[in-house]
Amino acid sequence: MSDIKKIKDEYLNKLKEDLDFNGVNQIKTDLFGKNGIISNEFKKLASIGVDERKKVALELNEIKNELQNVISKKNKDIDIREINLKLQNEKVDITLPERSFHQGKIHPVSQVIDEIASIFSEIGFNIEEGPDVESEYNNFTALNTPDNHPARDMHDTFYLDNNKEFLLRTHTSPVQVRTMLKDKPPFKIIAPGRTYRSDSDQTHTPMFHQVEGLHIDKDVNMGHLKGCLNYFIKEFFEVDKIKMRFRPSHFPFTEPSAEVDIGYEIKDGKIIIGEGDKWLEILGCGMVHPNVLKNVKVDPSKYQGYAFGMGIDRLGMLKYGINDLRAFFETDYRWLNHFGFDPLDVPSSYRGLSR
Ligand code: DAH
């Protein structure tokens, strides 16, 4: 038997042994590596006569193919063996009792914020945010609120320093200022968030939530404001018709200013929106005052628009029949289980805001 055949038999025998991937790899390198046995035999071909070369080359190729086939089969066998071993070791015992888990609930305030954001997003509003700690300038001065305005009183506002330079924002309106200072018109945004006032009873908590709206462009008028609010209220309360009235009012940062009431009645202890002859105030609004636009470097002779601000907690109480605002913030798990919403049930106008 020629040397090369002996080598072949020797390696075929080795490959029958119980090997792992490393063992097979070693054999592969021994045979076909740069200085491998078979590789070297191929190199030797150059130095033998042409007739002889053909024969030897043929034999060599056959041996090479045979060895390579056995090697790749061996690798496959090891692969299967390892997978089976893994499956055996990682067996799942489906008879074990399940682990207990608690599913949390989405707080009604978060749910209502998602609903509001979804409704306004669909009519082209972007969502903006501002910090809870605000400068006196953004909260009052830039919003055309004079020094002697009652909202600036120590009893109404939580100031953070004696100089009254910083405070907990009393409304979301300063986000109007922040938005207009950082970008160029047009603006079409809503800004939901926490707000603070020194106030506490059944319908007031020191911390509560508002959502601000702002739409500034070249020819935005009060008709757009009415249309927008009408659309929002219908979508939010999921009713086809509503009764809405604008009452003249005063806010330093709008001119003219109005408060908006919606009509309702109580039937079997439940609030029905859009029926009856009772009125409920739900928001303040108006056309943004030219002084505010000047303060944020927007030219009031070219741009104008409306703004509004409403209480999120209040909207949630109305929609979901919750009658004590304080319960919102008492973190009572039983309350949250009752009034909360299932996670991942993200509200949208298409899928139904509330279920
Ligand atoms: N910031 C006002 C408040 O908290 C609400 C408000 C009224 C906001 C009129 C506005 C507006 O943007 O135009 O009482």
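Ligands are counted one by one from 1 in listed order, and the atoms in each one are counted from 1 as well.
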Apart from F251 itself, what residues make up its hydrophobic cluster, given side-chain heavy atom links below 4.5 Å?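 Same cluster as F251: L143, V177, M180, L181, F187, I189, L214, I216, F253, V288, V292, L293, V296, V298, Y303.
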Under 4.0 Å from ligand 1, counting heavy atoms only: the protein residues, by chain and number: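 Ligand 1 pocket, heavy atoms under 4.0 Å: H171, S173, Q176, R197, Q210, E212, F251, F253, T254, G284, C285, G286, A307, F308, G309.
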Taking only Lys NZ, Arg NE, NH1 and NH2, and the carboxylate oxygens of Asp or Glu, determine whether E128 and R178 approach each other closer than 4.0 Å.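 No, no charged N to carboxylate O under 4.0 Å.
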Assign the ring pair F120 / F232 to parallel, tilted or perpendicular, where the plane angle (0 to 90°) is split at 30° and 60°.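 The arrangement is parallel - the two ring planes meet at less than 30°.
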More than 12 heavy atoms of other residues, nucleotides or ligands under 6.0 Å from CG of N69: yes or no?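 Yes, the 6.0 Å shell around CG holds more than 12 heavy atoms from other groups.
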Hey, are T170 and D156 close enough side-chain-wise for a donor-acceptor pair under 3.5 Å?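 Per modelled atom types, D156 and T170 side chains form no pair under 3.5 Å.
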In terms of side-chain heavy atoms, does Q88 have a donor or acceptor partner in N84 at a distance below 3.5 Å?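 Looking only at side-chain atoms, N84 and Q88 do not form any donor-acceptor pair under 3.5 Å.
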